Amino acid sequence: MKPFFAFLLSLVVVLSYSRNTRTGDSLENLLRSAKEDTQKIQLLYKLYNVWSDINQDTAIQYAGQALAVSKKIHSEKNIAKSYRLMGMGQQAKGKYDKALEFFLQSLKISEEIGDKKLTGASLLGIGNIYYLQGAFDKAIEYYFSAAKLLELLNDKPALAAVYGNMGNVYSEKKDFEQSLAYHKKSLAIEQTLKNKEGIATSLQSIGNVYGFKEDYVSAIYYSENALKLFEETNSPDIAACLINLGIYYTKQKKYSQAEKSIKRALDISIKSGVKDYMKECYNSLSDVYAAENNFKNAYEYHKLYSDTKDSLLNEESSKQIAEMQTKYETEKKEQQITLLNKDKELQDAQLNRQKIVIWSVAGGFLIVFVLSIFIFRERKKSEKLLLNILPVETARELKANGKATAKHYESVTVMFTDFKGFTTIAEKLSAEELVSELDFLFKKFDEIISKYNIEKIKTIGDAYMCASGLPTPNSNHAEEIVKAGIEIQSWMKEQNNKWSLRMGIHSGPVT
């Protein structure tokens, strides 16, 4: 039930590309005639903002140029600001170590010159990096420092962002009360600013926390209010909000509402081409249909989920191979030029470097091989899940034909068990203890019936159902299921536990 907002950046990039490139061209023209002064630095900052929506490498280059000019004219404030922008660019690329270096350099200079606003922004950037790396205690430390400064400066937009991030960190730490407190602080500020997008984001974050707490009534309330505002602002976050609502409706067994919400999110995701969202929609729809015992649809959407997941893994693999190949070709050309101009000793050093590059490419192919194994294992997990839902022959027929035909068996024996006083005992156990105990018991039941060629049909709460004589007909079905039942009862008595097993057996025709 985590929020999916981060994946929406690609949609914003697509929509803003042509407008931003036109703006960038006009700024480039001004840059050519600009002197080495603060005016040129401001132009470079504007170009950074334009390209940060399109290509982070180009944006970082402009920030680097701004840094060079700032150092040349000894503008400490702009040096600090340029380092911070380079940190933001590296963060967007996922290069967290480099980003942290730049943010720390920005912080050092900002503190030295006493610029509190830049110091607060740098502290926030460092906190974000630690949050993204999973170092939550360090993230909180820097967020607290940033919040103190921003409160003194009364910088409400930045303060709302800090409080929201603190809420996210406490949610990751499973301190949900603290998480709600900070998200509500962020919401209060956004409301005073009348920032609809910020209000919607805070509402959705609060809804997510209630989702983690399994308070699905509150989760739906806040998420529905967030959705209204996202729709008013035509926000790209609509799909993520709809997916979360679908999850909460499913938890409340409101399956028709869940299906409607997730299918709407799927339509938006397909139109925008955001595969991460499509994957989440397919997975959530599979869960909805499985909960409704609509196993045909559950299987079809689970297959779409698996295929989309494989596609995303393959795209990432191809990207890594392309990057490594480009790096190899570039370095190879550099080596050829260098070899023409250097002596034999330098040539030998460059050849060794080339070997390292070649080994790097080989390592890249090894990564792809490992990813392929991972994909294969994921497919196996999917098949295992399907076999846990359906009998083997039915699962095979679904995979081969996309549907399963009804079959009639003239004579089979069905066994059904449950536990006497289950509700009373369950009330005395935690959810984790209850699931653990049932898992232990049912695994032993599975082990016993497997010795007698009996097919498990399903488990429902404390109930366990199995059948002998299907899908492969067996003339000794009644005898074998009775033997299994006796063995199960005998094993239950040996356990001398709180559970008292009831058992029913019946023979006859089934479809």
Side-chain angles (χ1 to χ4, degrees), residues 2-3 5-6 52 76-77 80-92 96-97 99-210 212-213 222 226 229 237:
K2 290 184 179 180
F5 304 145
S52 64
E76 295 296 311
K77 181 174 181 177
K81 186 173 179 180
S82 299
Y83 275 132
R84 189 175 71 85
L85 293 180
M86 291 173 77
M88 289 168 64
Q90 295 293 347
Q91 177 186 321
Y96 300 139
D97 290 339
L100 186 58
E101 287 177 20
F102 288 129
F103 282 133
L104 286 168
Q105 286 175 302
S106 176
L107 177 63
K108 182 176 180 292
I109 296 168
S110 301
E111 289 179 330
E112 286 173 356
I113 63 176
D115 191 316
K116 290 182 179 179
K117 188 169 184 178
L118 256 176
T119 300
S122 300
L123 288 166
L124 175 58
I126 295 167
N128 288 341
I129 295 301
Y130 281 124
Y131 170 59
L132 291 166
Q133 289 181 320
F136 301 130
D137 290 333
K138 292 286 286 183
I140 285 290
E141 178 187 330
Y142 279 94
Y143 285 150
F144 268 124
S145 298
K148 284 180 183 177
L149 271 178
L150 295 169
E151 284 167 0
L152 287 172
L153 295 168
N154 198 29
D155 188 341
K156 290 183 177 179
L159 195 56
V162 173
Y163 286 151
N165 288 355
M166 290 173 78
N168 290 335
V169 174
Y170 278 116
S171 183
E172 293 284 358
K173 287 165 66 69
K174 301 193 185 306
D175 187 343
F176 300 127
E177 296 310 315
Q178 282 276 48
S179 177
L180 283 172
Y182 279 105
H183 280 308
K184 287 179 179 179
K185 276 188 173 185
S186 179
L187 175 62
I189 294 172
E190 298 290 8
Q191 286 172 332
T192 62
L193 295 171
K194 297 181 180 178
N195 177 13
K196 284 188 178 181
E197 190 77 18
I199 294 168
T201 300
S202 295
L203 288 169
Q204 177 66 345
S205 297
I206 293 169
N208 288 330
V209 178
Y210 278 117
F212 283 121
K213 291 182 69 176
Y222 281 100
L229 288 172
D237 294 342

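Small disclaimer: the values here were computed from a predicted structure and weren't measured.
- Listed here is the closest heavy atom pair of Ala147 and Tyr163: CB-CE2, 4.4 Å.
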Walk me through it: do Ile140 and Tyr170 pass the test side chain to side chain contact (heavy atoms under 4.5 Å, CB included)? CA-CA 8 Å; Ile140 285 290; Tyr170 278 116; 3.5 Å; yes

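- Once rounded to the nearest 0.5 Å, the distance linking OG of Ser179 with CD of Glu172 reads 9.5 Å.
- A distance-only check finds no donor-acceptor pair linking the side chain of Ser106 to the backbone of Phe102 [under 3.5 Å].
- Within the model, atoms CD of Gln105 and CZ of Arg84 stand 14.5 Å from one another, a figure rounded to the nearest 0.5 Å.
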Could you list the donor-acceptor pairs under 3.5 angstrom formed by side chains in residues 113-121, with sequence neighbours left out?
unit_1: Asp115; atom_1: OD1; unit_2: Lys117; atom_2: N; d: 3.3
unit_1: Asp115; atom_1: OD1; unit_2: Leu118; atom_2: N; d: 3.0
unit_1: Thr119; atom_1: OG1; unit_2: Asp115; atom_2: O; d: 2.7

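- Taken from CG in Asn208 to CG in Leu203, the straight-line distance is 11.0 Å, to the nearest 0.5 Å.
- Take Lys148 and apply the side-chain hydrogen bond (donor to acceptor under 3.5 Å, both in side chains) test, not counting sequence neighbours, and it matches no residue.
- Considering CD1 of Ile199 and NZ of Lys194, their distance stands at 10.0 Å, rounded to 0.5 Å.
- Pairing each heavy atom of Ala200 with each of Ala226, the nearest pair is O-CB, 3.4 Å.
- Taking both residues in full, the closest heavy atoms of Asp237 and Glu197 are given as OD2-OE2, 3.8 Å, listed atom of the first, atom of the second, then distance.
- Of all the heavy atoms in Gln91 and Ala99, the pair that sits closest is N-CB, 3.7 Å.
- Ser202 meets the side-chain contact (heavy atoms from CB on, under 4.5 Å) test with Ser186, Leu187, Glu190; sequence neighbours excluded.
- In this structure, Lys213 is not positioned above the aromatic face of Phe176 in the sense of NZ or CZ being under 6.0 Å from the six-membered ring centre and within 45° of the axis.
- For Lys156, the side-chain contact (heavy atoms from CB on, under 4.5 Å) partners are Asn154, Ile189, Thr192, Leu193, not counting sequence neighbours.
- Looking at residues two or more places apart in sequence or on another chain, you find no ring pair (Phe, Tyr, Trp, His ring centres under 6.0 Å) involving Phe103.
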Contacts under 3.5 angstrom, residues 123-137 side chains, donor-acceptor by atom type, not counting sequence neighbours:
unit_1: Asn128; atom_1: OD1; unit_2: Tyr143; atom_2: OH; d: 2.5
unit_1: Asn128; atom_1: OD1; unit_2: Asn165; atom_2: ND2; d: 2.8
unit_1: Asn128; atom_1: ND2; unit_2: Leu124; atom_2: O; d: 3.4
unit_1: Gln133; atom_1: NE2; unit_2: Asp97; atom_2: OD1; d: 3.3
unit_1: Asp137; atom_1: OD1; unit_2: Lys173; atom_2: NZ; d: 2.7

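- Lys174 places none of its side-chain heavy atoms less than 4.5 Å from the side chain of Phe212.
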